[in-house]
A.B. asks: 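For reference, the structure I am asking about is given below.
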Amino acid sequence: MSRRPEPAQDQDPVREHLSPAHALEIDPLIEDPDTRIVVCCGSGGVGKTTTAAALGLRAAERGRKVVVLTIDPARRLAQSMGIDSLDNTPRRVKGIDDSAGGELHAMMLDMKRTFDEIVEAHADPERAAAILGNPFYQSLSAGFAGTQEYMAMEKLGQLRSRDEWDLIVVDTPPSRSALDFLDAPKRLGSFLDGKLIRVLLAPAKVGGRAGMKFLNVGMSVMTGALGKVLGGQLLRDVQTFVAAMDSMFGGFRTRADATYKLLQAPGTAFLVVAAPERDALREAAYFVERLAAEDMPLAGLVLNRVHGSGAGRLSAERALAAAENLEESRIVDQPDGKAGLRNSPDTYGSSESPARNVTDGGSPATEDVDGAAPEDEPTATDGERSVERLTAGLLRLHAERMQLLARERRTRDRFTALHPEVAMAEVAALPGDVHDLAGLRDIGERLAAGHAELSGTS
């Protein structure tokens, strides 16, 4: 089927569907036992968290043991799954249909706690206590640029190594760019291999008085400049932290590399989530190209919040024309009385009532206080005029909806023209947010259908 829109009379009443060749098949993906990781990625605000949760629920109710890892601070996932709160430990979700033998667990990344767990697992108790109490470490673990993305990768590696779940669904961080998730391990590696770290490590490697002498000589220029800006105490905290972490740096790099290879493995599938908007699909296109460059397996694109209409055969142009006809008839077909004579040159400036109609006998005709025509003359009633105004307003709303559908279709078609190899599933825009398992189940059904259904879109 061509992606070019057909004539209006042949179009689908909701919207033009994707061709079967471009349809993303969700159920075969999540049911395949070889699929072990599904990563939902995309720019912020496009519905990644809801998509991840819906996929996890659908996979669990089809017999798989699933854990959904979210990095969403809004905690919408916990609310929709009926859990009071999520933390760094997977918690089982109750209320799912487990007749097929599946389970659903959910957790929300605690960035600092994950960092603490790494330190506690890879350092002896004395060194771990020194690191955890270091002021620089506390700042680094709480909000250093890229730490959240890196810790998400660490947690993914931990979950996969436990081999406890059939499927791990990852909701990537709400970063400025979806590419940050892939860049985090390399950024951390660059930081650990940087010149500053090597200089700070040098005294600890040399040791003793020689080390202090090296520190005084090698860092005198740098500390003189940085000390004025940051303060000597911060530099000492950094040096103490780096010395304590020295034995762990290799482990960070090794695990980061291993997780990166895990993302490239055949058992991983990336789903790019986007809204049918220019900026969101541009970001999705960048991510698709980056995944291809990194040899990472892309399953397809989920086009979320797609609008539809049950009256698709009435075009925007026809709706606007009908609305204008209704409005113009109200202007031209005015009833007799003051409303019709207000601008007459014969009555301009007169203080007398211009609507008094004198009969042959010299008596004024009966009229109401508003100057309306006599009751025996046919006029449009207030009710009829209200219906016309309402109808015109509804026609204009419909025209706006059809124009929105046309914009979304053009935006989608531009993406498919640039990336014809990318399979796509469309999910209809819903009237409100998803707050429970029933809503997530509905989203899962729409994902599996692969195209925007009429229900809830008008």
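Counting begins at 1 with the first residue of the sequence.
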A.B. asks: Hey, is Asp116 close enough to Lys112 for a salt bridge, meaning N to O under 4.0 Å?
C.D. replies: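 A salt bridge links Asp116 with Lys112.
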
A.B. asks: State whether the side chain of Glu103 and the backbone N or O of Arg92 hold a donor-acceptor pair below 3.5 Å, judged by distance alone.
C.D. replies: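 Not confirmed, Glu103 side chain does not pair with Arg92 backbone.
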
A.B. asks: Does Met151 offer a backbone N or O that forms a donor-acceptor pair with the side chain of Thr114 under 3.5 Å?
C.D. replies: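 Checking the backbone N and O of Met151 against the side chain of Thr114, no donor-acceptor pair under 3.5 Å is found.
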
A.B. asks: What class does the angle between the rings of Tyr137 and Phe115 fall in, given that below 30° is parallel, 30 to 60° is tilted and above 60° is perpendicular?
C.D. replies: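 Perpendicular.
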
A.B. asks: Can you tell me if Thr268 uses its side chain to pair, donor with acceptor, with the backbone of Leu262 under 3.5 Å?
C.D. replies: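 The answer is yes, because a donor-acceptor pair under 3.5 Å joins these two groups.
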
A.B. asks: Can you find a heavy atom in the side chain of Glu154 that is under 4.5 Å from one in the side chain of Arg255?
C.D. replies: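 Side-chain contact under 4.5 Å: yes.
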
A.B. asks: Between Arg113 and Glu117, does any side-chain N to carboxylate O distance fall below 4.0 Å?
C.D. replies: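 The answer is yes: the pair qualifies as a salt bridge.
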
A.B. asks: Quick one: are Cys40 and Leu55 in side-chain contact, heavy atoms under 4.5 Å?
C.D. replies: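 Cys40 reaches Leu55 side chain to side chain.
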
A.B. asks: Any donor-acceptor pair under 3.5 Å linking the side chain of Lys155 with the backbone of Met111?
C.D. replies: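 Here the side-chain-to-backbone pair does not exist.
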
A.B. asks: Once ring-ring contact (aromatic ring centres under 6.0 Å, His included) is applied, what residue pairs with a partner in residues 416-445 remain, sequence neighbours excluded?
C.D. replies: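 Residue pairs with at least one partner in residues 416-445: Phe415-His419.
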
A.B. asks: Are Val38 and Val170 side-chain neighbours, meaning at least one heavy-atom pair lies under 4.5 Å?
C.D. replies: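 With C-beta onward as the side chain, the pair stays apart.
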
A.B. asks: Any salt bridge between Asp442 and Arg446, counting N to O under 4.0 Å?
C.D. replies: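 Judged by the 4.0 Å cut-off on N to carboxylate O distance, Asp442 and Arg446 do form a salt bridge.
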
A.B. asks: Spell out, as yes or no, whether a donor-acceptor pair under 3.5 Å connects the side chain of Asn88 to the backbone of Asp110.
C.D. replies: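 Yes; at least one donor-acceptor contact below 3.5 Å.
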
A.B. asks: Checking Arg64 now: which residues fulfil salt bridge (Lys or Arg N to Asp or Glu O under 4.0 Å) with it, not counting sequence neighbours?
C.D. replies: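 Per chain and number, Arg64 pairs via salt bridge (Lys or Arg N to Asp or Glu O under 4.0 Å) with no residue.
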
A.B. asks: Which residue pairs satisfy the salt bridge (charged side-chain N to carboxylate O under 4.0 Å, His left out) criterion with at least one member in residues 33-45, sequence neighbours excluded?
C.D. replies: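 Listed once each, the pairs are Arg36-Asp163.
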
A.B. asks: Counting only heavy atoms not in Glu164, do more than 12 fall under 6.0 Å of its CD?
C.D. replies: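 Counting other residues, nucleotides and ligands, CD of Glu164 exceeds 12 neighbours.
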
A.B. asks: Okay, side chain of Ser161, backbone of Gly157: is any donor-acceptor separation there less than 3.5 Å?
C.D. replies: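 A pair under 3.5 Å: yes.
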
A.B. asks: For the pair Glu445 and Arg58, find out whether any cationic side-chain nitrogen is under 4.0 Å from an anionic carboxylate oxygen.
C.D. replies: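 Salt bridge: no.
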
A.B. asks: Go through the structure and list residues passing salt bridge (Lys or Arg N to Asp or Glu O under 4.0 Å) with Arg414, not counting sequence neighbours.
C.D. replies: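 Arg414 satisfies salt bridge (Lys or Arg N to Asp or Glu O under 4.0 Å) with no residue once adjacent residues are dropped.
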
A.B. asks: Which residues satisfy the salt bridge (Lys or Arg N to Asp or Glu O under 4.0 Å) test with Arg410, sequence neighbours excluded?
C.D. replies: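 Checked Arg410 against salt bridge (Lys or Arg N to Asp or Glu O under 4.0 Å); zero matches.
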
A.B. asks: Let me know which of Leu440, Val273, Asp171, Asn304 forms a side-chain contact (heavy atoms from CB on, under 4.5 Å) with Thr50.
C.D. replies: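 It is Leu440, the one option of Leu440, Val273, Asp171, Asn304 that forms the side-chain contact (heavy atoms from CB on, under 4.5 Å) with Thr50.
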
A.B. asks: Within a strict 4.5 Å, meaning less than it, do heavy atoms of the Leu281 and Leu303 side chains meet?
C.D. replies: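 Yes, at least one pair of side-chain atoms sits under 4.5 Å.
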
A.B. asks: Determine the sole option in Arg412, Met424, Glu426 for which the side-chain contact (heavy atoms from CB on, under 4.5 Å) test with Leu301 is passed.
C.D. replies: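 Going through the options one by one, the only one that passes is Met424.
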
A.B. asks: Using salt bridge (Lys or Arg N to Asp or Glu O under 4.0 Å) as the criterion, list what pairs up with Arg305, not counting sequence neighbours.
C.D. replies: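 Salt bridge (Lys or Arg N to Asp or Glu O under 4.0 Å) check on Arg305 returns nothing, list empty.
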
A.B. asks: Spell out, as yes or no, whether a donor-acceptor pair under 3.5 Å connects the side chain of Glu408 to the backbone of Pro276.
C.D. replies: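 It does not hold such a pair.
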
